[in-house]
Amino acid sequence: MKILVIGCGGREHAIAWKLTQSQKVEQVFVAPGNPGTFLEPKIQNVELSQIKQLIDFAKTNNIDFTIVGPEAPLAEGIVDEFRAHKLKIWGPNQYAAQLETSKAFAKDFMAKYNIPTAKYQVFTNGQDAHNYLLTQKLPIVIKADGLAAGKGVLVATSTTEAANFINDIFSHNKFGNAGNKVVIEEFVSGVEASFIVMIDGKNILALATSQDHKRLLDNDEGPNTGGMGAYSPAPIVNETLHQKIIERAIQPVIDGMNQEGCIYTGFLYAGLMIDEKNHDFKVLEYNCRLGDPETQPIMLRLKSDLADMIDAGLNQQLDQIRADWEDKFALGVVLACFGYPEHPRKDDIITGLDSISRNELNPNQLTPYSSSLDPDIKIFHAGTKLVEHNLYTNGGRVLCVVGMGNDVSQAQLKAYEAIKQIKFEGMQYRHDIGNKCNATNNTAAINTEPTPIQASMR
Ligand code: AMP
Ligand code: GLY
């Protein structure tokens, strides 16, 4: 098989790397990819980004199917266009992708199809939003409608903070067209989890559960980001809850989309807030793709053949396969550049990643990070660039270091020990990825789940 993966982040590196492990996969192309994908065997980066170019590439290279990593091409309608050319592509069409590309669409969809979510109102002008704000309790959540790379949401603890954000969106155009509407919603407390599935139009295949860490700083402080680290599984999602989520948050998307005359295919990611007793949940958001960085630990745990899974999805046969997972915890820590997320800086030299010399300068030299020495450590690239065999930061989230172990502590140890080797000026990372799992989730799962070990390994 020849597979094309679209995107350039850590998620796409993880997807492409996993695909190369399939005996059936001859070559993975990543458009445009990053130095991490460039350095992997069986992967080739292709410098393409326009949909038309990608269609031509898929045709001329006999690509068996294409996987869309990020949301932007979905928003542009890449799936519709590929299908119009009879090319196989894994992802939802433009209509269905509105679940992610418009928070107002997603909230109205959830309300219409009785999916549990926080109470909300949608506004198209600042004055109405300000008036409504004055009638609401604090904290309060303000969301720009469109895509904003994880930065369009503010959990405000004061009216002034909320009002300033509304002004930023409507008066100062902080998010451009993404700020044409604003959703103001009730604050929901609890524990977050990421619940990602594959949908082939009628069948659901749940992937391993995971938990992201959205805030920049330790103890969930600082601004929201695209995600600073994640672990899988998320034990808070016990067997009962898992079933409930499928019934109330995933199946209604398939059914609701059908009612709207649309068939949902692709990954679907429900960002959930689970109540403290872990009995119930609300959907905070949908994403129409895999999560970043959740994908990185999830792929490390995946034992099944990802190419087979996608192939089954494209043939509406997800009911005929299963996904098997390592009975271990995987934990990814994001190393972000100086200034992330507001003012990311580029061009800081990165040292300690000797996998570059293994691949580029001395192919026989193995390093502590090469899979051959320790299959339980893997480093995925995102915001990096290679200049004459040297690696530099290229803004945003730079690397994701994933460790795997029998429990969260072991996975933490693996990841954080590896991080000690890596250096670049202004490197920012959280030191507490996985602590919440140790502190609350394990206990929560054990308290409510009759078979906690199995449940925790989903
Ligand atoms: P979203 O992009 O909608 O998932 O929001 C980003 C982050 O903001 C979430 O991961 C939560 O941490 C937080 N958040 C969003 N909506 C709410 C809410 N209604 N109550 C509490 N926190 C929220
Ligand atoms: N990690 C959150 C996201 O991928 O949107």
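Remember, it's 1-based here, ligands and their atoms both numbered in the order they're listed.
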Quiz item: Is any side-chain N of the basic residue among E417 and K420 closer than 4.0 Å to the acidic one's carboxylate O?
Solution: yes
Quiz item: Is D220 salt-bridged to R430, going by a charged N under 4.0 Å from an acidic O?
Solution: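 Counted as a salt bridge, because a side-chain N and a carboxylate O are separated by less than 4.0 Å.
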Closer than 4.0 Å to some heavy atom of [X] - which atoms of ligand 2 meet that?
X    : value
G291 : 4 (O)
K214 : 2 (C)
D212 : 1 (N), 2 (C)

Is the closest side-chain donor-acceptor distance between [X] and [Y] under 3.5 Å?
X    : Y    : value
E239 : Q243 : no
N34  : H381 : no
D128 : N125 : yes
N203 : D200 : yes

Which residue supplies the protein heavy atom nearest to [atom], what is that atom called, and how far is it?
atom                    : answer
atom 21 (C) of ligand 1 : V188 O, 3.2 Å
atom 5 (O) of ligand 2  : R289 NH2, 2.8 Å
atom 4 (O) of ligand 1  : E285 CD, 2.9 Å

Side chain, backbone, both or neither: [X] near ligand 1, heavy atoms under 4.0 Å:
X    : value
E186 : backbone
N224 : side chain
V141 : side chain

Self-check item: Distance-only N or O hit between ligand 2 and N287, under 3.5 Å
Solution: yes
Quiz item: Has ligand 2 got any nitrogen or oxygen that is less than 3.5 angstrom from a nitrogen or oxygen of G226?
Solution: yes
Quiz prompt | Residue of the set K143, K119, K103 for which salt bridge (charged side-chain N to carboxylate O under 4.0 Å, His left out) holds with E185 | solution = K143
Quiz item: Would you say K103 contacts ligand 1, with heavy atoms under 4.0 Å as the rule?
Solution: yes
Self-check item: Short side-chain to backbone donor-acceptor contact, Q211 and E192, under 3.5 Å
Solution: yes
Which ligand 1 atoms, with their elements, are less than 4.0 angstrom from a heavy-atom of [X]?
X    : answer
K214 : 10 (O)
F187 : 20 (N), 21 (C)
E185 : 16 (N), 17 (C), 18 (C), 19 (N)

Quiz prompt | Close side-chain approach of I115 and Y286, heavy atoms under 4.5 Å | solution = yes
Quiz item: Considering only heavy atoms, which of E192, K143, K107 lies nearest to atom 15 (C) of ligand 1?
Solution: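 Ranked by closest heavy atom to atom 15 (C) of ligand 1, first place is K143.
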Quiz item: Out of I142, V183, I140, V155, whose heavy atom is nearest to atom 13 (C) of ligand 1?
Solution: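 Looking at heavy atoms only, V155 sits closest to atom 13 (C) of ligand 1.
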Quiz item: Can the positive tip of R289 be found less than 6.0 Å from the middle of the six-membered ring of F267, inside 45° of the ring normal?
Solution: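 Output no; distance or angle outside limits.
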Self-check item: Region of E294 engaging ligand 2 - heavy atom pairs below 4.0 Å
Solution: side chain
Quiz item: Ring centroid separation for W17 and F380, is it under 6.0 angstrom?
Solution: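 Yes, close enough.
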